[in-house]
Amino acid sequence: MKATYATVKSDAEYQKRKTVDSHLAKQPPAAKRARADENARERTSALIEELLERETRQLGGNQQPPPPQQAGPTDFSGLFPKLAGGAAQAGLALQPQRAARTFEDLASQRPTRQVLGSLLPESDYLPAPLPVLHSDATSHAGAAAAVGSRDRQLAPSEAAPLDWSLKTTVRFTSPLPFTIAEEAAFLSSSDSVQAQRAFSSSEGVPSLSMQQRYLAALHSWQFPANPWHGPTTGAAKLRAPPPEVLQRRLDWQTAFASLYDTLRCGACDAFYYISPEGTKKPFAAFFGAAGVGGRPRIHALLTRSTSGLRALLGGGMALGFAAPLLPSEADRRAAALDQAAVPMDGSQSLLVFEGAVRVHGLFDFLLNDSFTSHGEDCDVPVLQSPSQFAHAALSASQPRLLGVSDSNQPGQAQHRLELRGAALPPWVLDRLAAVLLVTQSGDFSMACDTHQLTLALNWCPSSTSNDGQPAAAALGGCGGRQGSRRPALTGFGGMDGASDALQPLTEYEARQRGCWDAEEARRWRSVAPGLSCNVLRELLCEAGVFTGKLSAKSAERIVV
């Protein structure tokens, strides 16, 4: 920095200015500061090298100079020296171990990789095997019974077993694509109407094409067509229900009476009564003609009965019924069971009404007291039938193609077809399985979920009762757990049908009852061995042979 001099008037001012100039001249320039920093770094590096050499001498001697690197133009072969066999290990062992690692070690040391065999001793490192426990025959039998209870199967048969429970979800899988569903979706309007007419009249079904039979198999008769979901608006708060609710109930009573008349006169083999959504104590009822499901007389099954309902039907209305899945009063007293120890309102609380008089008594109760028992704020119950009745609507299930399932193995991919509904009736699934038996070359499977209210509808009386009498006579003469004192009556001019239950139906009679042919009517009257009080969860068809797997949900009698 260059100093500027000015005229000084006194000695004091001269001394002051001289002191300032001396301080400015003593300040080192930038070059001197840079040289000083470089010297400090050199001294620091020398100190670090001296410390490293001292630690190396303490650990094992002087370090050998690294071998010359011969790196190729595009590889890293010079980084790690190539030593053969034991020479490499010996060379690594002779190298001194340094506490501080630097990048120079990459040229002299090679990372070693030891396999599991070199780490383990030469002796057997595994623990001694456990001794084999020789179980007796009873344990093997118990294990086999446990496996059988988890995965029970029906005997193979050439026809699909008919499950009278209602389903909510059904999924078909097959290694072949379901081209029948795609082809049926592109049928002309005239072909679709012809399939609907054939289903309505049960005439001309054998002459339909496979695409038309597929469409006809999806149809069913139902009332109401569109059930109300949830309580009706304002019906519970007003003194009287709205006019539209009263008209809907009147139409339902007309439809129910018409459907019951078709059953009595032989124009229908079976129909369902399902309590509406939103009721506090839901139940379902199945009405069947004589012979249907292996039951020799006209009958009705009521599920999920409560103790109050059983007291009303057996005591107040004096209706005879049987509760075959509930323990009797004598069994309960013998086992010292109280009322709360037995699930009286579950699937075991099945009520069986057999005979025209008892069935008509249940019909009269449901016709006049349904709205009171279900609640004034609920919709009317749902009626489903394979035959037409008053105010009934023709409803069709809507299948959906889900595509191909993922599979890592070639040839194991499965094509899928799914049906969903509030209650899928058994005739829809049975007819659809008959169509897929032809279109899928007898190779498909069906998995399904059962409606909770219909788990006990496959109940069938055994050949003899406990006292050696025929089951039909036992049920007809007593009321089961809570019955009436009335004697067994045939009633209604021979419409009981017990004498004609075992006679095969002709093609005309089968179509008049809502079946497609006499073979279907025969399957409706047959009993699948082992299906009683159980429901299907899976149906396998291989090479045209059906094998049914039973669900873990069972309505078998409680063992006390």
Side-chain angles (χ1 to χ4, degrees), residues 148 151-165 167 169-184 195 198-199 202 205-219 293-294 386 397 399 401-402 404-405 407 409-419 424-448 450 458 504-505 507 510-511 515-531 534-551:
D151 193 10
R152 297 174 295 175
Q153 294 186 359
L154 299 179
S157 60
E158 296 182 356
L162 191 61
D163 185 1
W164 287 104
S165 62
K167 308 299 180 182
T169 303
V170 179
R171 178 173 296 182
F172 295 92
T173 57
S174 175
L176 301 178
F178 292 96
T179 56
I180 184 65
E182 300 177 356
E183 295 173 356
F199 169 79
S202 298
V205 174
S207 61
L208 297 178
S209 62
M210 294 306 300
Q211 292 78 9
Q212 291 176 326
R213 290 175 67 93
Y214 173 82
L215 287 181
L218 299 174
H219 286 78
S397 303
L401 289 172
L402 300 181
V404 184
S405 61
S407 178
Q409 300 180 359
Q412 298 296 328
Q414 296 287 326
H415 299 265
R416 297 174 297 174
L417 180 69
E418 185 182 65
L419 278 78
L424 298 174
W427 49 83
V428 171
L429 304 181
D430 181 66
R431 293 167 181 175
L432 193 57
V435 173
L436 296 180
L437 177 63
V438 179
T439 59
Q440 304 305 121
S441 300
D443 190 3
F444 69 94
S445 63
M446 182 188 72
C448 51
T450 306
N458 287 319
L505 301 179
E507 294 287 341
R511 288 193 295 268
C515 301
W516 278 6
D517 50 24
E519 176 61 24
E520 184 179 85
R522 185 192 64 81
R523 292 201 309 272
W524 286 24
R525 282 158 175 76
S526 62
V527 180
L531 189 58
N534 296 282
V535 294
L536 288 177
R537 67 172 177 87
E538 189 175 357
L539 183 64
L540 304 177
C541 181
E542 297 180 353
V545 178
F546 291 91
T547 304
K549 294 184 178 181
L550 302 180
S551 174

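Given the structure is predicted, the values throughout are model-derived calculations rather than measurements.
Considering only residues two or more places apart in sequence or on other chains, Trp524 meets the side chain to side chain donor-acceptor pair (under 3.5 Å) condition with none of them. The side chain to side chain donor-acceptor pair (under 3.5 Å) search around Thr173 returns Ser445, not counting sequence neighbours.
The two residues Ala518 and Glu507 make their nearest non-hydrogen contact at N-OE1, 3.3 Å. Taking both residues in full, the closest heavy atoms of Phe444 and Ser174 are given as CB-CB, 3.9 Å, listed atom of the first, atom of the second, then distance. Taking both residues in full, the closest heavy atoms of Phe199 and Pro386 are given as CZ-O, 4.1 Å, listed atom of the first, atom of the second, then distance. Taking both residues in full, the closest heavy atoms of Leu424 and Ser397 are given as CD2-OG, 3.6 Å, listed atom of the first, atom of the second, then distance. Taking both residues in full, the closest heavy atoms of Tyr214 and Leu417 are given as OH-CD2, 3.9 Å, listed atom of the first, atom of the second, then distance. Closest approach of Ala510 to Asp517, counting heavy atoms only: CB-O, 3.4 Å.
Here the NE2 atom belonging to His415 is positioned 8.5 Å from the CZ atom belonging to Phe178, to the nearest 0.5 angstrom. How far OG1 of Thr439 is from CE of Met210: 6.0 Å, rounded to the nearest 0.5 Å. Atoms CZ and CZ, on Arg537 and Arg152 in that order, are 10.0 Å from each other to the nearest 0.5 Å. Leu154 contributes atom CG, which lies 8.5 Å from atom CG of Asn534 (distance to the nearest 0.5 angstrom). For the atom pair CH2 (Trp164) and CG (Leu531), the distance works out to 11.5 Å, reported to the nearest 0.5 Å. Considering CE of Met446 and CG of Leu540, their distance stands at 9.5 Å, rounded to 0.5 Å.
Side-chain N/O atoms of Asp163 and Ser165 include a donor and acceptor closer than 3.5 Å. Checked by atom type, the side-chain pair Gln414/Ser405 shows no donor-acceptor distance below 3.5 Å.
Put simply, the side chain of Asp443 reaches to within 4.5 Å of the side chain of Pro175, judged on heavy atoms. Between Leu402 and Arg171, some side-chain heavy-atom pair lies under the 4.5 Å cut-off. Side-chain atoms of Arg416 and Leu401, non-hydrogen and from C-beta on, never get closer than 4.5 Å to each other. Counting heavy atoms from C-beta on, the side chains of Ser551 and Thr450 never come closer than 4.5 Å.
The backbone N or O of Ser209 sits less than 3.5 Å from a side-chain atom of Gln212, completing a donor-acceptor pair. Remark: side-chain polar atoms of Arg213 are not paired, donor with acceptor, to backbone N or O of Leu208 under 3.5 angstrom.
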### Message
The test is side-chain hydrogen bond (donor to acceptor under 3.5 Å, both in side chains); show your working for Thr547 and Lys549 and say whether it passes.
### Response
CA-CA 7 Å; Thr547 304; Lys549 294 184 178 181; over 6 Å; no
### Task
Might you work through the side-chain contact (heavy atoms from CB on, under 4.5 Å) test for Arg525 and Leu505, ending with a clear yes or no?
CA-CA 10 Å; Arg525 282 158 175 76; Leu505 301 179; 3.6 Å; yes
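With Leu432 as the fixed residue, the side chain to side chain contact (heavy atoms under 4.5 Å, CB included) test singles out one of Ile180, Leu437, Val170, Leu419: Leu419.
The stretch residues 429-442 participates, sequence neighbours left out, in these salt bridge (Lys or Arg N to Asp or Glu O under 4.0 Å) pairs: Asp430-Arg523, Arg431-Glu520.
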